[in-house]
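Per chain, numbering begins at 1; letters A, B, ... match sequence-line order. As a basis for the values below, the full set of heavy atoms in this structure was taken, side chains included, without hydrogen atoms, waters or symmetry mates. The structure presented is a predicted model; accordingly, all values stated were derived computationally and were not measured.
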Amino acid sequence: MGYDYKPFAYVAPPGLTAPEPRHRVAIVGAGPIGLAMAIDLAQQGIPSVVLDDNNVVSVGSRAICWSKRTLEIFDRLDVGERMLEKGVTWKVGRNFHGAEEVYSFDLLPEAGHKYPAFINLQQYYVEEYLVDRARAFPDLIDLRFKNKVTGHRDNGDFVVLTVETPDGDYSIEAEYYIACDGAGSPTRTRMGLDFTGQTFQEQFLIADIEMQDSPFGDSDVPERWFWFDPPFHPGKSALLHMQPDNIYRIDLQLDVDADGKAEAAEEKVIPRIKAIVGEKPFKLDWVSVYKFRCIKLDRFVHNRVIFVGDSAHVVSPFGARGGNGGIQDVDNLGWKLAAVLKGNAPEALIETYHEERSHGSAENILNSSRATNFMTPKTPVEALFRAETLRLAHKYSFARRLLNSGRLSQPCSLEGMALQTPGIAPLEPGFAMLDAPLRSAAGGETWLLSEVQGQFTLVGFGEVQMPVVDGLRRIGINQLETADFPHFTTVDGHGTRRYGSERAYLFRPDGHVCATFVAPTAHDVQAAMARALGAQLRQEIAA
Amino acid sequence: MNYSDDKLSPKQDDFYNALMDAHSGLPEAESHALNARLVLLMANQIGDLETLKQLLAAARDYVND
C-alpha cells in the first residue's frame, strides 16, 4: 500500500485581521527539522509559531536512514519508540565488487542499547509522527500550513516576517527566527549568503519500489547493500535499502552527462530495476534523479536569524549525514535557545550552537565528500587506484577498509570546545552519552538515556560524592541508597563498562558529557554547569 | 612479516584522500611518474629486501588475473 497523504488544514491566521503579539520564536519550515525544533522548545515551555508554505508531509520517501543518535534524540521528543516500531531495523552493511561480497560491517556489535544502529523509515512517516506529537502542545506550538514566508527583516532584538496565505498577506514579529527551510532556503537567498561549495557532476537515480518478494535474495534480512561495478549496472555503483510497507530503496549512479529527465521516465527506470530484481513483480512508488553539493554556511547564527538543518549545510547522501546532522542541530540549539529565552543564560550561548554544529557539519562534509570521491573517480589515475583497491579488497583486509561506500553517521564529539570542562574519563567531556540498561530500586527496567536527557543531570557511578546544586538533577547508579535522589543498578554491567566506576558525570540537556569528576564538590559541579550555560562567555564579553 | 595486516585504519580515508590530492591536476604520464617515485621512496623506507620481494610478488600475482 502506498502512503495515504492527508493534507493538513489551513486556518486563517489571526495576523490577517489584527496585529499579533510578538512571538518568542518563529520556525520557518515544517519538515522534520522545523517540527523537531518546535517540539524541543515546547517541552521546555517555550512557545513557537511554525510556518510552512505547504500542507502535506514529504512527497516521496526522501530521507530514510535514521541513526541511533537521532533515535535517541527522538526518544527525548517522544517519537523515538513509534519510529522504532514502524521502522526497519538494520545494523549490517555489505559491500560487493561485481557479484562477490568483499566487506561487511556491523555498526552495533554490542548489546545494551535501547535503539539500534539504524532504522529505515520514510520521511513522510517521520513528519506525520512529529506533527502528531506537536499537536500535543496546542498552547505552545502554533502550526500554520500554507503560510509562506516571503520576507524578513532583522530589527536587532526581533525579526519581522512577511507571510503570504490563500487569504492574503500579513506580518508577525518574533524574538528569534529559526530557518528550517531546507537546502534551497529562501531565507538564505534573501540574505544573499554565500552557499557555493563542491558540486558533484555525477547524477544518481533514486527509485522506491514496492514488492512482496525481497530483493535481498535468500538471506531476506534488512541490511545496507552497496555494489561497486555490479553485474546488473556495469561500471557504476548501486545501493539497496529496505523500508517499511515492502518498499525498497534503490540508488543507481548514472553517467555524468545523462539526461536527468529522460532517466526518470518509467520506460527507462523499469528495465534498470528489472536488471536487479529479475521478473519478481514490483510497482514504482517514487523516482527522482539528483545531483548533490557538499557545502555549509560560514555562520549558522546571524544575530536573531539562526540556520538549522539543510538550510545551513548540505552533504551527499552516502553516509546518512543530512537528516541525522540536522536533528543533532536541533538537539544542540533547543536547550540553549530555551535557556536564553528564560533568562538563564547569556545570549552568547547561542553562538556556541554555531561553534559546535559547524564543526559537526564540517566533519559530515569531509566524510561524505570522501565517500563520493571514492565512488566517482574523476581522472584515469583515480579510477586506476579505485579499481586496484577493489581487486586487492578480495584478499587483503587493509584494502577492504579503504573501500568507501559512505562512512555512516556517528554522533559528533564536542571535545575541547568552550562549554566543556576538560577532563579524563572513559567517556570524555564533549562526547554524546552512551546508553545503558538500568534497573530501578523498585525493580523496574529503564535506560540511562531516559533518565539523563532533557535537563542538566549529575550521574554518579559507584561510590562518589553527589553534591546538591541548584537546578541540577542527580541520579545514583550502583550506589548505596543513602540520599533522596533516584537510584539504579546497571544491567549486565553495560553502564560500568561504558562509564567506569567511582566517578560522576555531568550531562547537558542534549545528553553530551560536559564535565567528569572523581571527588566533586558543590563548587566544582556548579562551576562546570555555569560554564556549560555560557558563564565564561559572559566574562569574556565583559572583559 | 604479514603484509595483509591492516595498518592504515582508522586513518585509511585520510591516507586515500592525501594520495588522491598528490595526483590532483597532473597529466596522466606525470601521475605514473609520481607513482614510480612513490614506490621507490616507500621501498627505501621499508628497507628490507625480503619484505620488498614478497610485496612485489603479491602485486605481480594479479597480472592476467
Quiz item: Is the backbone of A/Pro377 close enough, under 3.5 Å, to the side chain of A/Glu382 for a donor and an acceptor to pair up by distance?
Solution: no
Practice problem: Consider only side-chain N and O atoms of A/Asp329 and A/His313, and report whether a donor and an acceptor are under 3.5 Å apart. | Solution: yes
Exercise. Measure A/Ser369 against the heavy atoms of chain B and call it side chain, backbone, both or neither at under 4.5 Å.
Key: neither
Practice problem: Can you tell which part of A/Leu384 gets under 4.5 Å to a heavy atom of chain B, answering side chain, backbone, both or neither? | Solution: side chain
Quiz item: Nearest heavy-atom pair of A/Met375 and A/Arg386: which atoms, and what distance?
Solution: O-NH1, 3.2 Å
Quiz prompt | Main-chain N/O of A/Val102 paired with A/His394 side-chain donor or acceptor, under 3.5 Å | solution = no
Quiz prompt | Aromatic ring proximity, centroids under 6.0 angstrom, A/Phe118 and A/Trp66 | solution = no
Self-check item: Note, A/Val256 side chain near A/Gln203 side chain (heavy atom, < 4.5 Å)
Solution: no
Practice problem: Would you confirm whether the ring centroid of B/His23 sits within less than 6.0 angstrom of the ring centroid of A/Phe385? | Solution: yes
Quiz item: Which residues in residues 27-46 of chain B have any heavy atom lying under 4.5 Å from a heavy atom of chain A?
Solution: B/Glu28, B/Ser31, B/His32, B/Asn35
Quiz item: Okay, side chain of B/Asp48, backbone of B/Thr51: is any donor-acceptor separation there less than 3.5 Å?
Solution: yes
Quiz item: Is any residue of residues 426-435 of chain A within less than 4.5 Å of chain B by heavy atoms, and which ones?
Solution: none
Quiz item: Donor-acceptor pair, B/Ser9 side chain versus B/Gln12 backbone, under 3.5 Å?
Solution: no
Practice problem: Give a yes or no on whether the backbone of A/Lys236 and the side-chain of A/Asp229 come within a donor-acceptor separation of less than 3.5 Å. | Solution: no
Quiz item: Would you say the ring centroid of A/Phe228 lies under 6.0 angstrom from that of A/Phe374?
Solution: yes
Exercise. Compute the ring centroids of A/Tyr499 and A/Tyr505, then answer whether they are less than 6.0 Å apart.
Key: yes
Exercise. Select all residues of residues 13-21 of chain B having any heavy atom within less than 4.5 Å of some heavy atom of chain A, and report them by number, or 'none'.
Key: B/Asp13, B/Asp14, B/Phe15, B/Tyr16, B/Asn17, B/Leu19, B/Met20
Practice problem: Measure from the side-chain N and O atoms of A/Asp251 to the backbone N and O of A/Ile206, and report whether any donor-acceptor pair falls under 3.5 Å. | Solution: no
Quiz prompt | Under 3.5 Å donor-acceptor, A/Arg249 side chain and A/Ile64 backbone | solution = no
Practice problem: Tabulate, in ascending numerical order, the residues of residues 401-414 of chain A having at least one heavy atom closer than 4.5 Å to a heavy atom of chain B, or enter 'none'. | Solution: A/Arg401, A/Leu402, A/Asn404, A/Arg407
Quiz item: Taking the side chain from B/Asp61 and the backbone from B/Ala57, do they hold a donor-acceptor pair closer than 3.5 Å?
Solution: no
Quiz prompt | Aromatic ring proximity A/Phe292/A/Phe204, centre distance under 6.0 Å | solution = yes
Practice problem: Decide if the gap between the ring center of A/Trp90 and the ring center of A/His241 is smaller than 6.0 angstrom. | Solution: yes
